[in-house]
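For reference, the structure discussed in these notes is given below.
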Amino acid sequence: MNVLIVEDDEFAREASARYLDHLGHEVSAAASGREAAAKANSRPPDVIICDWRLGDGDDGADVARSLQQRYAATIIFITAHPLGRLRAQTRDLKVARYLRKPISLLSLASVLDEIRDGHPA
């Protein structure tokens, strides 16, 4: 699958990208909403793994919404913040899973397998 990771933390972004690439996914990674839009334009994503609070002031929910409207990609949100507000803010989106930071790369890979197999939780 084509996976776009939108994460402002460089270590988390690069570790996730390397791991998912190792598993055979086509991975693009972006630190901001603007960079994510450019990466998605050159390689449309099937799945977007998006941090909710991006450091450059972008709201991950808005970034994911814009990308999903354009590419019909499934969203996986990651956040260190309480999930209630994020869930309420993203009810209009097709979200496969909300994951709490720090994320387990094994759990992330499992969610991607579920999406690929057609039954995200």
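Considering CG of L54 and CD of E7, their distance stands at 7.5 Å, rounded to 0.5 Å. Atom CG of L105 and atom CZ of R18 lie 10.0 Å apart (nearest 0.5 Å). Between R97 atom CZ and S110 atom OG the span is 7.0 Å, to the nearest 0.5 Å. Here I76 contributes atom CD1 and C50 contributes atom SG; the two are 11.0 Å apart, rounded to the nearest 0.5 Å. The line from CG of D46 to CZ of R116 is 12.0 Å long, rounded to the nearest 0.5 Å.
Closest non-hydrogen pair, D8 versus R53, comes out as OD1-O, 3.6 Å. The shortest heavy-atom contact between L23 and A109 is CD1-CB, 3.5 Å. Across all their heavy atoms, L99 and I103 have their closest contact at CB-CG2, 3.9 Å. The minimum heavy-atom distance linking E35 with A31 is given by the pair OE1-N, 2.9 Å. The minimum heavy-atom distance linking H25 with L112 is given by the pair NE2-CD1, 4.0 Å. Nearest heavy-atom pair across I115 and A96 is CD1-CB, 3.6 Å.
In this structure, the side chain of Q68 does not engage the main chain of A64 through any donor-acceptor pair within 3.5 Å. A donor-acceptor contact shorter than 3.5 Å links the side chain of S42 to the backbone of K39. Checked by atom type and distance alone, the side chain of D58 pairs as donor or acceptor with a backbone atom of G33 at under 3.5 Å. For D21 (side chain) and V27 (main-chain N/O), no donor-acceptor pair under 3.5 Å exists by modelled atom type. Side-chain atoms of S16 come within 3.5 Å of backbone atoms of A12 as a donor-acceptor pair (strictly under, hydrogens ignored).
Within the 4.5 Å cutoff, the side chain of T74 has no heavy atoms near those of the V95 side chain. A 4.5 Å side-chain heavy-atom check between L93 and R65 finds at least one atom pair inside the cut-off. Contact of the L4 side chain with the R43 side chain is not registered, since no non-hydrogen atoms from C-beta on lie closer than 4.5 Å.
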Go through R100 and L83 one step at a time and tell me if the side-chain contact (heavy atoms from CB on, under 4.5 Å) criterion holds. CA-CA 8 Å; R100 299 272 308 166; L83 295 176; 3.8 Å; yes
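Both I78 and L106 are members of a single hydrophobic cluster when ILVMFWY side chains are connected at heavy-atom separations under 4.5 Å.
Checking V47, I48, L67 one by one against I75, the side chain to side chain contact (heavy atoms under 4.5 Å, CB included) holds for a single residue, I48. No option in D51, T79, D9 other than D51 meets the side-chain hydrogen bond (donor to acceptor under 3.5 Å, both in side chains) test with K101.
Taking the six-membered ring for Trp and thresholds of 30 and 60 degrees, W52 and H81 have ring planes more than 60 degrees apart, a perpendicular arrangement.
In this structure, R87 forms a cation-pi arrangement with Y98, its terminal cationic atom sitting closer than 6.0 Å to the ring centre and no more than 45° off the ring axis.
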